[in-house]
Amino acid sequence: MKIAIIGTGYVGLPTGVGFAELGNNVVCIDQIVKKIEELNNGKITLYETGLEELFHKNRANGRLKFTTKMKDGVTGADIVIIAVGTPTHPVTKESDMKYIYAAAGELAQYLTDYTVVAVKSTVPVGICDDIEDIILKGNPKADFDVVSLPEFLREGFAVEDFFNPDRIVIGTESERAKALIAKLYEPFECKNRFLFVSRKSSEAIKYAANSFLAVKVHYINEMADFCEKSGADINEVARGMGFDSRIGMKFLQPGPGYGGSCFPKDTIAMVTMANNYGVKLNIIETAVKHNHLRKKKMSERITNAVAHIYNPVIAILGLTFKEGTDDVRESPAMEIVQEILKNGLSVKVYDPKGIKNAEPILKDTVYYADSIVDACKDADICVILTEWQDFKKFPFEEVSKVIKTPVIMDLRNILNREEAVGKGFIYHSLGSKR
Ligand code: UDX
């Protein structure tokens with residue numbers, strides 16, 4: 001099939017590469033000229049495990065193209081996937097639909113034969129109706145259906161999640177659209193997990209799912225706080241909870257707070273959307289508020305740990321919002337670093353993939369290390385803020401030779417306490433009184 005994808009970000013690019021890999025002819029469209037130039041010159045514009053190899057392969061076989069021209073991508077396409085950003089509006093706190101509406105308005109004129117316009121961006125309930133109206137207004141003769149096709153890709157696992165989706169949610173009442181989308185996903189193993197629902201239900205599913213996951217993360221973080229006071233151990237409590245199939249082990253890993261370009265935005269949008277209908281979502285609202293406060297609590301914990309030291313140096317491991325990605329948007333680590341810098345502390349940072357995105361924000365306020373050992377050299381404490389695999393293989397011996405005081409504050413609970421203590425370190429973690 002011929003597929004046009006509007007938006008080449010963390011959703012659009014992996015989706016375009018994935019559909020090309022499955023044999024479709026894909027044209028990815030973006031209005032950012034520099035980004036399209038880099039992609040056309042074979043330079044991948046974001047890090048995702050396994051993406052680069054498929055990107056080069058499908059560019060080479062001609063199934064994957066990039067353009068800034070909507071006309072070149074949309075004309076003759078069977079499916080046009082809208083995957084543009086829906087940032088939080090700074091004032092209304094709603095998801096800002098300006099890019100969605102602009103894309104819908106521009107693509108309308110290029111629709112020729114029957115086309116499915118699939119909305120993969122996360123949009124509030126009812127937006128697909130607006131998109132339909134905008135396209136009809138722009139091209140009254142167009143033969144098309146607007147379908148809600150929410151994505152559930154996790155950053156850092158986008159390629160894995162693309163090829164192994166838990167479910168494909170399709171929001172439409174059109175039999176023609178159902179048939180076309182079913183054909184598109186024919187090669188997928190999870191054909192039997194197609195969920196054909198109404199468009200509004202499909203739009204709601206994404207927000208409801210993401211908000212639930214965010215609340216689950218916040219829940220385990222609050223349980224960690226309880227364990228620190230009560231003497232229970234959060235790692236043991238999480239395992240004891242997770243064996244219950246109704247709870248499950250996933251998303252019970254305590255940390256410095258949830259971040260990224262989705263949870264913070266989607267939870268706020270969910271609460272705002274509900275408020276607009278006069279419905280108060282107290283649980284999500286509380287999680288949003290206290291997740292935000294958690295980052296300040298974590299920076300105070302770090303500052304207090306070195307309060308007795310003159311001119312302390314803090315080594316920070318991890319700037320991205322989670323492992324496996326180079327994305328620092330809404331990263332708790334970035335907020336925590338900026339908070340401890342306000343307290344006048346010296347900070348050295350290391351991250352396997354995130355430095356290039358962090359540097360334009362942190363600028364020359366920190367020292368950028370090129371390894372764990374380099375970051376810990378002459379430091380008074382080593383703080384782990386992102387659960388990178390590299391950090392799980394912590395080089396205790398090498399670090400103990402260069403760190404000023406052998407103290408580790410593991411705010412992702414990824415190291416083994418016994419091993420750290422055995423190697424001569426003072427080890428602090430989350431959710432334990434020890
Ligand atoms: C999320 C959803 O998982 C995905 O389905 C949706 O399509 C997009 O939003 P993502 O934002 O990539 O994906 O990150 P995710 O893996 O969900 O983690 C979100 C945040 O929660 C990260 O900051 C992560 O560190 C944190 N987290 C996650 C925890 O602190 N503990 C956990 O156990 C899991």
Side-chain angles (χ1 to χ4, degrees), residues 9-12 14-15 46-49 51 83 85-86 88 95 120-123 149-162 164-169 202-203 205-225 234-235 237-239 241-242 247-270 287-288 290-292 294-295 298 317-336 351 353-354 384-389 391 410-414 429-431:
Y10 282 92
V11 171
T15 301
L46 58 89
Y47 174 78
E48 271 291 346
T49 310
L51 184 65
T86 55
T88 303
S95 275
K120 194 160 265 303
S121 302
T122 304
V123 297
L149 191 66
E151 60 81 20
F152 300 99
L153 305 179
R154 294 166 298 157
E155 279 192 38
F157 303 88
V159 174
E160 179 188 326
D161 288 352
F162 176 85
N164 305 285
D166 286 339
R167 73 290 203 197
I168 303 290
V169 173
S202 176
E203 291 165 325
I205 287 168
K206 177 62 188 286
Y207 281 105
N210 256 19
S211 298
F212 180 83
L213 291 168
V215 165
K216 187 174 182 184
V217 170
H218 184 63
Y219 180 87
I220 204 65
N221 286 338
E222 290 199 324
M223 280 301 125
D225 294 346
I234 192 60
N235 296 337
V237 169
R239 277 176 57 76
M241 289 170 63
I247 298 174
M249 289 289 180
K250 291 180 179 175
F251 280 60
L252 288 180
Q253 183 66 33
Y258 62 74
S261 64
C262 296
F263 279 13
K265 166 176 76 72
D266 293 352
T267 45
I268 291 169
M270 182 77 240
V288 168
H290 290 281
N291 180 70
H292 179 67
R294 184 172 184 80
K295 288 161 265 184
M298 292 295 113
L317 301 186
L319 294 172
T320 53
F321 79 95
K322 66 171 191 174
E323 71 149 341
T325 177
D326 59 359
D327 197 351
V328 297
R329 288 175 295 175
E330 297 283 327
S331 168
M334 291 293 284
E335 290 183 46
I336 289 166
D351 187 290
K353 296 287 179 189
I384 298 174
L385 291 176
T386 306
E387 70 287 16
W388 283 102
Q389 291 303 323
F391 303 162
D410 182 0
L411 297 182
R412 288 287 188 164
N413 284 18
I414 57 175
S429 64
L430 290 178

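Position 1 is the first residue of the sequence, and the numbers go up from there. No experiment lies behind these values; they were computed from the predicted model shown. Numbering of ligands and ligand atoms starts at 1, following listing order.
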Can an N or O of [X] be found at a distance shorter than 3.5 Å from an N or O of ligand 1?
X    : answer
P254 : no
G259 : yes
N210 : yes
R154 : no
F321 : yes
L153 : yes

Which residue and non-hydrogen atom of the protein lie closest to [atom], and at what distance in Å?
atom                    : result
atom 34 (C) of ligand 1 : F251 CD2, 3.6 Å
atom 14 (O) of ligand 1 : K322 NZ, 3.3 Å
atom 12 (O) of ligand 1 : E155 N, 2.6 Å
atom 5 (O) of ligand 1  : F152 O, 3.1 Å
atom 25 (O) of ligand 1 : R412 NH1, 2.9 Å
atom 27 (N) of ligand 1 : V217 CG2, 3.9 Å
atom 32 (C) of ligand 1 : Q253 O, 3.6 Å
atom 21 (O) of ligand 1 : Y258 CB, 3.5 Å

request  = Going by the side chain to side chain donor-acceptor pair (under 3.5 Å) test, name the single residue among T122, T86, N210 that passes it with K265.
outcome  =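 So the option named by the test is T86.
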
Atoms of ligand 1, numbered as shown, that sit under 4.0 Å from any heavy atom of [X]:
X    : result
K206 : 6 (C), 7 (O)
E151 : 7 (O)
C262 : 8 (C), 9 (O), 11 (O)

key: Carboxylate-amine/guanidinium contact E323 K353, below 4.0 Å   =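 Looking at K353 together with E323, the answer is no, because their closest N to O distance does not fall below 4.0 Å.
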
key: Residues E222, R294: salt bridge by 4.0 Å N-O rule   =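 A salt bridge is absent here (no side-chain N lies under 4.0 Å from a carboxylate O).
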
Residue-level breakdown please: for [X] versus ligand 1, do any non-hydrogen atoms fall below 4.0 Å on the side chain, on the backbone, on both, or on neither?
X    : answer
F263 : side chain
E330 : neither
L252 : backbone

inquiry  = Quick one about S261 and E155 (side-chain donor to acceptor, distance below 3.5 Å, no hydrogens or angles considered), yes or no?
reply    = yes

query = Any side-chain donor paired with an acceptor under 3.5 Å for Y47 and T320?
reply = no

query = Short question: side chain of N291, backbone of G257 - any donor-acceptor pair under 3.5 Å?
reply = no

message = Keeping K206 on the side-chain end and E151 on the backbone end, is there a donor-acceptor pair under 3.5 Å?
response = yes

query = Could you state the interatomic distance from CD1 (I268) to NE2 (H292), rounded to the nearest 0.5 Å?
reply = 9.0 Å

task = Measure the spacing between CD1 of I384 and CG of D410 and express it to the nearest 0.5 Å.
result =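 One gets 4.0 Å once the value is rounded to the nearest 0.5 Å.
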
inquiry  = Looking at Y219, I want to see if its OH is surrounded by more than 12 non-hydrogen atoms of other residues, nucleotides or ligands under 6.0 Å.
reply    =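 No - once you tally the heavy atoms of other residues, nucleotides and ligands closer than 6.0 Å, there are 12 at most.
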
ask   = For F212, does the CZ atom sit with more than 12 other heavy atoms under 6.0 Å from it, leaving out its own atoms?
value = no

task = If the plane angle is over 60° it's perpendicular, under 30° parallel, otherwise tilted; pick one for F251 and F263.
result = tilted

